[in-house]
2 protein chains.
Amino acid sequence: MSPTTDAAASHEVDASESEAATKNLVFVAAERLFALHGFQNVSVRDITAAAGVNLASVNYHFGSKDALLFEIFKRRTAELNRERAKMLHEANDRNVGSPPLREILAALLTPPLRWLAPDHERRISLQFLIRARSEGTDEIRQVLKTDVSHLRRFSDALLRARPDLSPEEVYWRLHFTLGMLHNNRFAEFDRLNVLSEGQTSEADVVALLDRMLSFAEAGFRA
Amino acid sequence: MSPTTDAAASHEVDASESEAATKNLVFVAAERLFALHGFQNVSVRDITAAAGVNLASVNYHFGSKDALLFEIFKRRTAELNRERAKMLHEANDRNVGSPPLREILAALLTPPLRWLAPDHERRISLQFLIRARSEGTDEIRQVLKTDVSHLRRFSDALLRARPDLSPEEVYWRLHFTLGMLHNNRFAEFDRLNVLSEGQTSEADVVALLDRMLSFAEAGFRA
DNA sequence: GTCTATAATTCGATAGAC
DNA sequence: GTCTATCGAATTATAGAC
């Protein structure tokens, strides 16, 4: 409705500009609404209204509502795992291929915790990813179950760091650590704040990351 | 509610038996379907078909689909927290009011882990509760955020067990421990099994509980 | 209490004009 | 690419007969 008319009003040939702009407006609005209210609770009408674009835009640019969700999921997952892989790679370089426990865990947890910062551009993306993990479509669940290649890099590193433990034990401890991470939803922070009567604040993500690393590292050393 | 069923079954006037029976059939079928597929993905038609009762039963016995979800949530939450409170009470009795860390954590984690056993009557209920926590209605989210009385018993005990730590730190570590617990969904077990190439099995819940307790206890001792 | 029939919405998707 | 108008399907909830 309005964005196209505004853009077309000032220029005469900005067709390609408005194409990409519309698709991106839908992408961003959908990600935010899905993250805040869940996939099933957000309609295509909600998305296009929030984005200020036409109702048919979702189907034209993405094919379907499901495909839109999947595209957001794919892009954000790739971004996050790229950051993790880079940190793990750097940790390997610093430690001749055998980083200590804490550096491995830091490579796994630091990127998502960075995203969680109040002023971070990807703050809402992390909430989206956490929700998509449990509320996503069958297609997303299939990818989550099948594609574990990024996690294998971490489990391999952990197995090397704790060769004295049985592999089974290492896999379970990785599972526990991921559980700690996936519990960081807005609603859970609110609940914790009520319980602690305002003594906990998730705004300081550096402190939170440090707490998580210390807890997980101790769990792995046990 | 359910006690009526048992009482009426042995007597001759079992008109009330079929009343309660229908309500219970709906309750059980809905809990299972919600646990397996999520609240939004299950229709009233799915529930009544699985229960073998009439479509109108849900609205007659519970008022609405939302109210049905809330009633299941309330009953199972009460059951679970009753078991936890009992275990914490017993731990207090054994330790003159100051149980060691591991016993407090055991009172928190043992009941839900017991429910998780392959042959346990409440196995599906635990999956329901985990899903309801993130996929529930606004009413459920409100209760989760407001009613933390059962958790406060545990945070108080943990604060007494670790008086050297700042309260803030203790609350965060409890948050991490709950994250470990809430990550125990069927889908996450499947994913872990793929990653570990079949080396992990969640069937042995006694071993799993022991692993979780050791991990969390170490995290609290750090 | 149970059942059938249906009301009243809401939603995703698309055809066709521009 | 964008927009309007609308289709067709699915949903929850309820009215009314039995």
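So that the names make sense, note that chain A is the first sequence line, chain B the second, and so on, each numbered from 1.
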*asked:* Please report the distance, rounded to the nearest Å, between CD in A:Q40 and C1' in D:dA10.
replied: 13 Å

*Less than 4.0 Å between a side-chain N and a carboxylate O, is that true for A:R173 and A:E169?*
yes

*Between P of C:dG12 and CG of A:N41, the distance in whole Å*: 11 Å

*Does NZ or CZ of A:R133 come closer than 6.0 Å to the centre of the six-membered ring of A:F73, within 45° of the ring's axis?*
no

*asked:* Taking the six-membered ring of B:F39 as reference, does the cationic atom of B:K65 (NZ for Lys, CZ for Arg) lie under 6.0 Å from its centre and within 45° of its axis?
replied: yes

*Determine whether more than 12 heavy atoms belonging to other residues, nucleotides or ligands lie under 6.0 Å from atom CZ of B:R123.*
yes

*Are A:E168 and B:S196 linked by a side-chain donor-acceptor pair shorter than 3.5 Å?*
no

*Can you give one letter per nucleotide of nucleotides 13-18 of chain D, going 5' to 3': B for a protein heavy atom under 4.0 Å from the base, S for sugar-phosphate only, - for none?*
BB----

*Atom pair distance, as rounded to whole Å: CZ in A:F62 and C1' in D:dG1*: 14 Å

*Do any side-chain nitrogens or oxygens of B:T22 fall under 4.0 Å of OP1 or OP2 in C:dT2?*
yes

_How many whole angstroms separate atom CG of A:L25 from atom C1' of D:dC3?_
16 Å

_Does a side-chain N or O of B:N54 approach OP1 or OP2 of C:dT4 to a distance below 4.0 Å, or not?_
yes

_Stepwise salt bridge (Lys or Arg N to Asp or Glu O under 4.0 Å) check, B:E79 with B:R76_ = CA-CA 5 Å; B:E79 267 184 73; B:R76 295 311 187 205; 2.7 Å; yes

